[in-house]
Amino acid sequence: MQKISLFKLFLIFVKIGAILLGGGYVILPILMNEFVERRNLISQDELLNYFALSQSLPGIIAANISMFVGYKLLGKRGSLIAMLGIITIPFLTIILLASIIESFTENLYIQSVFWGVGIAVIALIMLTVKEMWQKANKNLFFYIIFIASLFSLVLLNFSPSKTFLIFIIIGVIYKRITTPMEAR
Amino acid sequence: MIYLQLAIEFFKIGVLSFGGGYATIPFLYHLSQEYCWYSIEELTNMIAVASITPGPVGINVATYAGLKTSGILGAMTATVLEMLPSLILVLVVAKLLKKFSDNFYVKTIIETLKPVSCALLLSVAINLIKPELKDIKAMLLLSILLILSWRTKKDPLFYILISAIIGVGLSLM
């Protein structure tokens with residue numbers, strides 16, 4: 001296994017931030033190519049492990065896995081550099097492009113592009129639900145929490161953070177009662 | 001003051017959004033209702049722009065929302081604060097990998113977060129579909145996209161490009 005400099009690591013993540021488009025799932029093959037195949041800095045198993053962990057942590061999956069890789073290679077500094085690297089290009093593009101794109105929002109073509117992309121976003125959100133649903137361990141607990149939280153969000157109009165807080169408390173209490181002491 | 005509010009709200013998003021970039025959208029909708037930093041219509045456009053510009057959509061849309069709220073400094077605050085919880089968690093998890101995943105409370109919280117996240121995303125999908133229900137073209141496009149994804153999910157960019165092309169095509173007819 002080789003070493004890598006902090007600056008080089010930053011540049012690689014700047015590049016990755018620029019290649020990624022849409023969802024972050026494409027990052028796995030890109031990282032595989034950069035760090036496993038081309039540079040042999042990290043093993044494939046480790047990378048897959050980080051990918052799985054990144055999905056079970058909150059936040060942007062692409063950023064999470066980048067920070068794991070950064071930490072693995074250069075410790076705390078590495079994960080900070082990975083984070084800064086990955087946000088550089090998205091940040092600059094939005095700052096520079098947003099105002100330009102916005103000045104065209106009256107344009108018929110731009111409007112129809114936005115209309116189409118708006119529908120695609122609905123589909124992508126539904127696909128995210130489907131994916132999470134398929135991956136989840138669906139026991140009675142899952143169904144009850146799912147239905148109750150959907151009810152609170154849609155009909156009672158609870159805010160997302162309030163909903164999370166309430167159900168985390170309910171979940172912990174429920175599991176404490178139903179899980180025997182030894183199994184905790 | 002607005003920076004502090006922005007910082008707190010985006011830190012919360014960073015802590016609570018499970019399921020990647022699109023999972024941050026419900027929170028952004030909630031923000032538009034609570035603070036009037038941007039309108040729902042502006043947010044829909046922002047998500048569209050964030051989806052077609054380089055970078056993970058979750059980062060782009062956070063930068064954009066921050067920019068809209070209070071300029072470049074706001075963009076910086078929103079982006080960095082949304083990442084901060086992940087950074088902290090990654091450092092903790094990478095260090096205590098085994099201990100962390102065996103902890104009863106950590107396991108329970110993660111187990112609870114999954115169904116709530118599913119419900120949250122579904123509720124946003126419902127809210128987004130409502131105004132489109134009478135638009136036959138929109139419903140048709142949505143059904144086509146869902147049918148296309150039925151067996152295998154393709155890259156998000158694929159759906160975005162197809163929909164943009166169909167959108168322009170329809171406007172020419």
Side-chain angles (χ1 to χ4, degrees), chain A residues 17-18 20-24 26 57-64 67-68 71 79 83 87 89-91 93-94 97-98 101 108-109 112-129 132-133 136 142 145-146 149-150 153-154 159-161 164 167-168 171-172 175 184, chain B residues 12 14-22 26-27 30 44-45 47-49 51 53-60 63-64 79 83 86-87 89-90 94 104 108-109 112 114-116 118-125 128 138 141-142 145-146 149 153 155-157 159-160 163-164 166-168 171:
Chain A
L20 288 177
L21 254 166
V26 278
L57 288 181
I60 320 293
I61 294 167
N64 291 351
M67 291 189 260
F68 272 119
Y71 183 81
S79 56
M83 177 190 111
I87 62 181
I89 298 289
F91 187 80
T93 346
I94 292 292
L97 281 185
I101 297 177
L108 180 69
Y109 295 110
S112 17
V113 168
F114 279 3
W115 177 84
V117 175
I119 305 293
V121 168
I122 301 179
L124 286 169
I125 293 176
M126 291 169 84
L127 290 180
T128 311
V129 177
M132 287 166 77
W133 185 267
F142 181 94
I145 298 276
F146 173 76
S149 52
L150 192 62
L153 287 160
V154 177
S159 80
S161 18
F164 273 114
F167 284 98
I168 285 173
V172 169
K175 286 277 174 183
R184 268 180 220 159
Chain B
K12 273 207 281 196
V15 174
L16 294 175
S17 54
F18 276 78
Y22 287 102
F27 296 94
H30 180 71
T44 313
N45 286 349
I47 298 167
V49 172
S51 305
T53 45
V57 69
I59 300 179
N60 290 345
T63 307
Y64 205 165
T79 317
M83 301 282 128
S86 299
L87 183 64
L89 280 171
V90 165
F104 169 75
T108 306
I109 289 173
T112 318
K114 283 178 183 164
V116 181
C118 271
L120 182 58
L121 278 169
L122 192 60
S123 75
V124 170
L128 287 174
L141 177 55
L142 184 61
L145 293 177
L146 292 177
S149 68
K153 189 192 171 199
D155 194 284
L157 196 58
Y159 304 105
I160 287 164
S163 312
I166 293 179
V168 173
S171 73

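All values below were derived from every heavy atom in this structure, side-chain atoms included, with hydrogens, water molecules and symmetry-related copies excluded. Per chain, numbering begins at 1; letters A, B, ... match sequence-line order.
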For A:Ser112 and B:Gly167, the nearest pair of non-hydrogen atoms, with its separation, is CB-O, 3.2 Å
Distance col, row B:Leu120:CG vs A:Phe164:CZ, nearest 0.5 angstrom, shows 5.0 Å
Counting only non-hydrogen atoms closer than 4.5 Å, does A:Met83 touch chain B with its backbone (N, CA, C, O), its side chain (CB onward), both, or neither?
side chain
Give, for atom CH2 of A:Trp133 and atom CG of B:Leu122, the distance between the pair rounded to the nearest 0.5 Å.
9.0 Å
Checking B:Leu145 against chain A: side chain, backbone, both or neither under 4.5 Å from a heavy atom?
side chain
Rounded to the nearest 0.5 Å, what separates atom OG in B:Ser17 from atom CD1 in A:Ile60?
5.5 Å
With a 4.5 angstrom heavy-atom cut-off, which part of B:Val15 approaches chain A: side chain, backbone, both or neither?
backbone
Heavy-atom pair count under 4.5 Å with chain B, highest-scoring of A:Gly116, A:Ala120, A:Pro58, A:Pro90:
A:Pro58
Go through B:Val90, B:Ile109, B:Leu121 and name the one with the most non-hydrogen pairs under 4.5 angstrom from chain A.
B:Val90
Could you have a look at A:Val113, A:Val121, A:Ile122 and say which one has the most heavy-atom pairs with chain B under 4.5 angstrom?
A:Ile122
Where does A:Ala63 contact chain B at under 4.5 Å (heavy atoms): side chain, backbone, both or neither?
side chain
Test log, rule side chain to side chain contact (heavy atoms under 4.5 Å, CB included), inputs B:Ile59 and B:Met83
CA-CA 8 Å; B:Ile59 300 179; B:Met83 301 282 128; 3.5 Å; yes
What's the separation between atom CZ in B:Phe27 and atom CG in B:Leu16, rounded to the nearest 0.5 Å?
4.5 Å
Between chain B and each of A:Val154, A:Ile168, A:Leu124, A:Val172, count heavy-atom pairs under 4.5 Å; write down the option with the most.
A:Leu124
If you tally heavy-atom pairs under 4.5 Å between each of B:Asn60, B:Ile166, B:Thr108, B:Val124 and chain A, the highest tally belongs to B:Asn60
Pick whichever of A:Leu108, A:Ile101, A:Val129 has the most heavy-atom pairs under 4.5 Å with chain B.
A:Val129
Relative to chain B, which segment of A:Thr93 carries a heavy atom at a distance below 4.5 Å: side chain, backbone, both, or neither?
side chain
For the CG atom of A:Leu127 and the CG atom of B:Leu146, what is their distance to the nearest 0.5 Å?
6.0 Å
Which atoms of A:Tyr71 come close to chain B, meaning under 4.5 Å heavy atom to heavy atom: side chain ones, backbone ones, both, or neither?
side chain
Looking at CG of B:Asn45 and CZ of A:Phe114, how far apart are the two atoms once the value is rounded to the nearest 0.5 Å?
5.0 Å
Set out, in order, the CA-CA distance, both residues' side-chain angles and the distance that settles side chain to side chain contact (heavy atoms under 4.5 Å, CB included) for B:Val49 and A:Leu97, then state yes or no.
CA-CA 9 Å; B:Val49 172; A:Leu97 281 185; 5.9 Å; no
Please flag which part of A:Ile119 lies under 4.5 Å from any non-hydrogen atom of chain B: side chain, backbone, both or neither.
both
